[in-house]
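The shown structure was predicted, so the numbers you read here are calculated from the model rather than taken from an experiment. Scope of the values below: all heavy atoms of this structure, side chains included, with no hydrogens, waters or symmetry mates.
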Amino acid sequence: MEKHVNILSGGLSTELEAAGFMIQGDPLWSARLLKTNPQAIKNVHASFLKSGADVLTTATYQASVEGFQKSLDLNVDEAAELFHVGVRLAREAAEEFNAQSPVKKNVIIAGSIGPYGAFLHDGSEYTGNYVTDMTIEDLKNWHRQQMRCLAMSGIDLFAFETIPSQKEAEALVLLLREFPNLKAWLSYSCKDISSTSYGDKFKEAVKIGMGLDQLVAVGVNCCAPNLVSPLLMSANQNQDPKTGWIVYPNTGEEWNHEFGWQGRGAEKHILDSVQEWINLGAKWIGGCCRTTPSDIESLRQCLRPAT
């Protein structure tokens with residue numbers, strides 16, 4: 001298969017849960033461990049690197065300065081410092097991996113920026129309904145502080161991920177211009193084969209990032225694997241070859257805010273569709289919630305059987 005595909009890591013938070021950390025239902029999710037057990041986060045980063053990941057995403061998806069202040073009783077500077085911790089853990093994991101590996105890897109550190117709904121912690125990150133009552137400027141003002149913290153911490157790029165609406169994506173893309181020396185990927189959450197979680201047509205939503213030099217990829221994450229190809233096909237006429245697609249689905253279960261992950265999982269596994277996604281223009285492929293280091297190892301073997 002193609003060797004130019006960047007392999008992403010998998011479900012950091014669900015790996016932490018598998019290790020015994022009770023973070024499901026926590027308003028900070030995995031970001032709490034940036035304060036209480038940073039080594040556990042670094043251990044998960046290390047396991048994904050050993051499995052073949054080229055990209056580590058920081059444990060800041062559900063992090064915010066305001067959230068850290070409220071949930072951990074920190075001041076502004078202490079809250080901002082936890083973003084530095086998140087980046088440092090990923091960087092240290094990469095350096096330690098390369099120190100022990102005969103083949104050095106240029107690991108990309110992606111600073112995770114989740115949707116505003118993740119901070120609200122009410123399930124609205126899966127609907128995006130909050131954007132109805134917010135302006136583009138409101139959304140920019142919310143995300144700016146987190147982006148500043150990550151930018152100052154030395155990330156390689158931003159990961160705008162699980163974004164439920166075109167409106168919030170537009171705010172992030174506009175805000176990205178305030179950080180001209182950094183790039184980003186933009187990844188939507190989607191509810192079916194043609195629509196974002198909020199209900200925008202995916203083929204229209206991806207247009208806002210096309211042609212922008214600061215975006216390395218646009219795509220979809222945290223949906224069932226069987227939704228990915230139809231989504232890409234619906235929007236391929238709007239794809240910018242310079243940008244390419246990013247795809248990192250979950251294992252197919254659906255998230256219930258009250259009961260957690262529900263369902264049996266996807267009938268179609270990520271590996272069943274990798275070549276099709278590459279043929280459609282995917283240049284970044286990985287896994288989201290509940291994808292394990294073993295899944296990433298299988299992906300690496302599929303993409304790079306000789307390594």
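Side chain to side chain, Ser229 and Ser273 fail the donor-acceptor criterion of an N or O pair below 3.5 Å. Using modelled atom types, one finds a donor on one side chain and an acceptor on the other under 3.5 Å when comparing Tyr130 with Glu168. Side chains of Asp295 and Ser298: no donor on one and acceptor on the other come within 3.5 Å. Checking Glu297 against Gln301 by side-chain atom types alone, a donor-acceptor pair falls below 3.5 Å. A side-chain donor from one of Thr58 and Thr60 sits under 3.5 Å from a side-chain acceptor of the other.
Annotation for Ile163 and Gly114: closest pair CD1-C, 4.3 Å, computed over non-hydrogen atoms. Between Val131 and Lys167 the shortest heavy-atom distance is O-NZ, 2.9 Å. Summarising the geometry of Ile246 relative to Ser187, their closest heavy-atom pair is CG2-CB, 4.4 Å, with the distance given to 0.1 Å. When all heavy atoms are compared, the tightest approach of Val44 to Glu15 is CG1-CB, 3.8 Å. In plain terms, the two heavy atoms of Phe119 and Ser64 that are nearest each other are CD1-OG, 3.4 Å. Between Ala59 and Ser30, the shortest heavy-atom contact is CB-OG, 4.1 Å.
A donor-acceptor contact shorter than 3.5 Å is absent between the side chain of Ser195 and the backbone of Asp192. Counting only distance, with no hydrogens or angles, the side chain of Thr196 and the backbone of Asp200 share a donor-acceptor pair below 3.5 Å. Listed for the Ser153 side chain is a donor-acceptor partner under 3.5 Å among the backbone atoms of Cys149. With hydrogens and angles disregarded, a donor-acceptor distance shorter than 3.5 Å links the side chain of Asn221 to the backbone of Thr162.
Between Ser112 and Thr57 the shortest side-chain heavy-atom distance falls below 4.5 Å. Val220 places none of its side-chain heavy atoms less than 4.5 Å from the side chain of Leu227.
Only one option out of Tyr61, Tyr248, Trp185 pairs with Glu161 in a side chain to side chain donor-acceptor pair (under 3.5 Å); it is Tyr248.
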Candidate pair Trp245 and Lys283, rule side-chain contact (heavy atoms from CB on, under 4.5 Å), full reasoning: CA-CA 6 Å; Trp245 295 121; Lys283 297 179 181 178; over 6 Å; no
side-chain contact (heavy atoms from CB on, under 4.5 Å) between Leu34 and Leu89, worked out: CA-CA 9 Å; Leu34 294 170; Leu89 292 171; 3.9 Å; yes
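Note on Lys42 versus Glu96: salt bridge recorded, some NZ/NE/NH1/NH2 to OD/OE distance being below 4.0 Å. One finds a salt bridge joining Asp54 and Arg304 here, because a Lys/Arg side-chain nitrogen approaches an Asp/Glu carboxylate oxygen to under 4.0 Å.
Taking Lys207 as the reference, Glu204 meet the salt bridge (charged side-chain N to carboxylate O under 4.0 Å, His left out) condition, with sequence neighbours excluded. With sequence neighbours excluded, the residues forming a salt bridge (charged side-chain N to carboxylate O under 4.0 Å, His left out) with Asp156 are Arg91, listed by chain and number.
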